[in-house]
Amino acid sequence: MKNAIILCVCYFFVCVGVSAQKSENWTRFRGPNGQGISGATGLPVHWSDTENIAWKTDIPGEGWSSPIVWDDYIFLTSTTEEGKNCHVIAVDRKTGEILWDKVVFTQDPNQNRHDMNSYATPTPVTDGKTVYAVFSGGSFVALDFSGHILWINSDLDYYSQHGMGVSPILYDDLLLLAVNPSNKEEPKALGWTQPWDKSYLLAVDKNTGKERWRGMRGMSRIAHATPAIMKVNGKDQIISPAGDVIQGFDPANGNLIWTVASSGEPCVPSPVIGDGLVYSSTTNRDPLRAVRPDGQGDCTETHIVWEQKGYTPMMSSYLYVKPFLYTCTDGSYLCCLDATTGAFLWRLQLKIGALNPSPVYADGKIYVLSEQGATIVLNPSGVPDKPAEIIAKNELKEPCRASMAVAGKQLIIRSSGRLWCIGE
């Protein structure tokens with residue numbers, strides 16, 4: 001009996017350990033919940049392009065998808081032949097060795113795209129058994145961890161004046177993608193500078209790739225914000241902003257539950273969630289909004305809790321660490337707002353160039369990566385009127401537009417030509 005009890009206790013702690021390990025897998029854009037937050041500890045603080053580097057690996061092709069991590073696998077995407085050949089790549093997290101590099105399909109590389117964008121910008125997503133990816137043309141692919149293609153869906157003919165920047169996410173057995181296109185024919189302004197009714201949230205069956213539903217937005221414009229999942233009054237909602245709107249959808253059928261007007265396009269920062277509020281914005285010329293997601297229909301007049309102008313990021317997503325909301329703005333500033341009221345608290349100029357990758361909070365620190373490949377590590381003070389303390393500045397000296405991932409006690413950073421593993 002005593003041995004049985006000991007075995008049960010050991011089994012309990014093994015299960016807890018496995019669960020804790022899997023909870024730290026960086027499964028999608030900005031981590032397991034899309035908030036840019038990790039519970040990992042013992043992360044590196046100081047490094048350079050030659051110091052505290054576990055490994056660095058050349059990545060074939062071009063792309064700005066962020067790396068994702070599941071145990072000892074790192075996945076990312078790229079394209080070759082100027083965007084024609086679409087690759088899904090698996091890297092060994094321990095060694096940096098490329099385990100496999102699969103050309104999954106070809107696409108039309110003559111699509112329009114912004115100079116900041118690539119033909120492989122959407123970050124893949126995984127459930128621990130399958131990795132799912134989408135490319136600029138709108139085609140999906142699912143592969144197992146050995147690189148075998150399970151299904152391809154090429155039904156979506158996607159076009160946007162800026163290209164595709166949004167990433168897919170998983171919810172139960174659904175693979176979700178915010179489809180916010182613009183008009184491929186004349187007049188080009190439709191969906192771009194003029195709202196139209198062709199945008200929607202797309203759900204496909206993750207096991208078969210077959211379409212399950214489309215949740216139509218109504219009038220909106222192009223956007224690249226990755227959706228988030230939020231529980232509202234005991235029920236899950238898909239929170240999905242686009243140009244001119246912030247919206248909540250029913251994951252069971254794609255029905256639009258509520259909408260709040262949010263002027264401007266494109267909406268690039270992905271939303272974050274905290275204390276029952278949704279934080280979202282469009283361009284840096286328009287206000288950042290905190291919205292209550294418990295309404296029905298058009299809630300613009302009733303559910304905007306606060307608006308704040310002047311601290312809105314153009315590209316990077318926000319970071320919510322209760323009770324503060326952090327934003328990365330033009331001029332290389334890290335700004336801090338009171339998440340409950342929207343009151344401006346402080347800003348700190350980091351002087352490392354454009355802060356286009358999204359920040360990460362882990363090990364009690366804020367990691368801010370710049371497009372120039374420099375990372376500032378900060379200790380938040382926890383005091384409203386006291387700025388965070390800069391404790392390190394680390395440079396890789398290569399362009400970085402992808403957001404970093406956390407893997408165990410290491411950081412994974414993608415530069416223009418390499419994947420870097422920072423730490424011992």
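Just the heavy atoms: all of them, side chains too, but no hydrogens, waters or symmetry mates, feed the values below. Quick note: residue numbers are just sequence positions, from 1. Quantities reported herein were computed from a predicted structural model and do not represent experimental measurements.
- By the 4.0 Å N-to-carboxylate-O rule, Arg292 lies close enough to Asp294 to be salt-bridged with it.
- Rounded to the nearest 0.5 angstrom, Gln308 CD and Arg289 CZ are separated by 12.0 Å.
- Thr57 and Gly96 get closest at one heavy-atom pair: OG1-O, 2.5 Å.
- Here the side chain of Ser332 pairs a donor or acceptor atom with the backbone of Gly353 at under 3.5 angstrom.
- Closest approach of Asn153 to Leu156, counting heavy atoms only: OD1-N, 4.3 Å.
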Check your understanding: Are Thr329 and Leu355 close enough, and set up right, to give a side-chain contact (heavy atoms from CB on, under 4.5 Å), and what steps lead you there?
Key -> CA-CA 7 Å; Thr329 64; Leu355 307 181; over 6 Å; no

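- Rounding to the nearest 0.5 angstrom, the gap separating the CZ atom in Arg30 from the CD atom in Gln35 is 7.0 Å.
- Taking 4.5 Å as the limit, every side-chain heavy atom of Thr121 sits out of range of all side-chain heavy atoms of Ser65.
- For the side-chain contact (heavy atoms from CB on, under 4.5 Å) with Leu76, the qualifying choice from Ile68, Ile89, Val131, Val88 is Ile89, the only one to do so.
- Atom CG of Asp115 is surrounded by 12 or fewer heavy atoms from other residues, nucleotides or ligands within 6.0 Å.
- One distance of note links CG of Leu175 with CD of Glu211; it measures 12.0 Å at 0.5 Å rounding.
- Residue Trp258 forms a side-chain contact (heavy atoms from CB on, under 4.5 Å) with just one option from Thr302, Ile246, Thr300, and that option is Ile246.
- No donor-acceptor pair closer than 3.5 Å links the side chain of Tyr318 to the backbone N or O of Pro269.
- Judged by distance alone, with hydrogens and angles left aside, the side-chain atoms of Asp236 form no donor-acceptor pair with the main-chain N or O of Pro251 at under 3.5 Å.
- Under the 6.0 Å distance and 45° angle rule, Arg93 does not count as a cation-pi partner of Tyr73.
- Between Ala223 and Ala242, the shortest heavy-atom distance links the atoms CB-CA, 3.4 Å.
- The aromatic rings of His162 and Trp192 sit perpendicular, their planes meeting at an angle over 60°, well past the 30° parallel limit.
- The aromatic ring centroids of Tyr361 and Tyr367 lie 6.0 Å or more from each other.
- A donor-acceptor pair under 3.5 Å is formed between the side chain of Gln247 and the backbone N or O of Arg217.
- Of the possible donor and acceptor atoms, one in the side chain of Thr282 sits under 3.5 Å from a partner among the backbone N and O of Ser263.
- Close placement of the Phe105 and Phe135 rings is indicated, their centers lying within 6.0 Å of each other.
- Counted by atom type alone, Thr193 and Glu265 present zero donor-acceptor pairs between their side chains at under 3.5 Å.
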Review point. Between Asp157 and Lys184, does a salt bridge (Lys or Arg N to Asp or Glu O under 4.0 Å) hold up when you go through it step by step?
Key: CA-CA 10 Å; Asp157 182 18; Lys184 194 172 185 177; 3.8 Å; yes

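- The NZ atom of Lys409 lies 10.5 Å from the CD atom of Glu24; values are rounded to the nearest 0.5 Å.
- When all heavy atoms of Ser403 and Ser66 are compared, the pair lying nearest together is N-OG, 2.9 Å.
- The aromatic rings of Trp151 and Phe140 sit tilted relative to each other, their planes meeting at an angle between 30° and 60°.
- Not one N or O on the side chain of Thr41 forms a donor-acceptor pair closer than 3.5 Å with the backbone of Asp363.
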Review point. Going through the distances and angles, do Ile376 and Leu378 end up as a side-chain contact (heavy atoms from CB on, under 4.5 Å)?
Key: CA-CA 6 Å; Ile376 293 288; Leu378 305 102; 3.7 Å; yes

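- The distance from the CG atom of Leu143 to the CG atom of Leu150 is 6.5 Å, given to the nearest 0.5 Å.
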Check your understanding: Hey, mind stepping through His87 and Thr80 against side-chain contact (heavy atoms from CB on, under 4.5 Å) and telling me if it holds?
Key -> CA-CA 8 Å; His87 298 244; Thr80 53; 2.8 Å; yes

Check your understanding: Between Val291 and Leu277, does a side-chain contact (heavy atoms from CB on, under 4.5 Å) hold up when you go through it step by step?
Key -> CA-CA 6 Å; Val291 173; Leu277 298 178; over 6 Å; no

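- Residues Glu424 and Asn52 are in side-chain contact: their nearest non-hydrogen atoms beyond the backbone lie under 4.5 Å apart.
- Side-chain atoms of Ser167 come within 3.5 Å of backbone N or O of Thr123 as a donor-acceptor pair.
- At a threshold of 4.5 Å between non-hydrogen side-chain atoms, the residues Leu201 and Pro227 count as touching.
- At distances below 3.5 Å, not a single donor-acceptor pair connects side-chain atoms of Arg28 with backbone N or O atoms of Pro32.
- Salt-bridge formation is detected for the pair Asp244/Arg221: a Lys NZ or Arg NE/NH1/NH2 atom is positioned less than 4.0 Å from an Asp or Glu carboxylate oxygen.
- A salt bridge is defined here as a Lys NZ or Arg NE, NH1 or NH2 lying under 4.0 Å from an Asp or Glu carboxylate O, and Asp173 with Arg212 meets this definition.
- Residue Lys129 qualifies as open at atom NZ: its count of foreign heavy atoms under 6.0 Å is 12 or below.
- At least one side-chain heavy atom of Asp275 sits under 4.5 Å from a side-chain heavy atom of Tyr320.
- Side chains of Trp420 and Ser415: a donor on one and an acceptor on the other come within 3.5 Å.
- For the pair Thr126 (side chain) and Thr130 (backbone), a donor-acceptor distance under 3.5 Å is present.
- Minimum interatomic distance between Pro44 and Ile422 (heavy atoms only, all atoms of both residues): CG-O, 3.6 Å.
- Residue Glu82 places its CD atom among 12 or fewer non-hydrogen atoms of other residues, nucleotides or ligands, all under 6.0 Å distant.
- Residue Glu62 places its CD atom among 12 or fewer non-hydrogen atoms of other residues, nucleotides or ligands, all under 6.0 Å distant.
- Between Gln237 and Ile257, the closest side-chain pair of non-hydrogen atoms falls below 4.5 Å.
- No donor-acceptor pair under 3.5 Å is formed between the side chain of Ser281 and the backbone N or O of Thr312.
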Exercise for review: Test Asp72 against Lys94 for salt bridge (Lys or Arg N to Asp or Glu O under 4.0 Å), laying out the working first.
Suggested key: CA-CA 7 Å; Asp72 290 333; Lys94 291 181 178 178; 3.6 Å; yes

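- Side-chain contact check for Val272 versus Leu325: some heavy-atom pair is nearer than 4.5 Å.
- Within a 6.0 Å sphere centred on NZ of Lys84, other residues, nucleotides and ligands contribute 12 heavy atoms or fewer.
- Atom OH in Tyr119 sits 8.0 Å away from atom OG1 in Thr79 (nearest 0.5 Å).
- In this structure, Gly254 and Phe249 approach most closely via the heavy-atom pair O-CD2, 3.4 Å.
- Using a 4.5 Å heavy-atom cutoff, the side chains of Leu288 and Thr327 are in contact.
- Between Phe29 and Ile169 the shortest side-chain heavy-atom distance does not fall below 4.5 Å.
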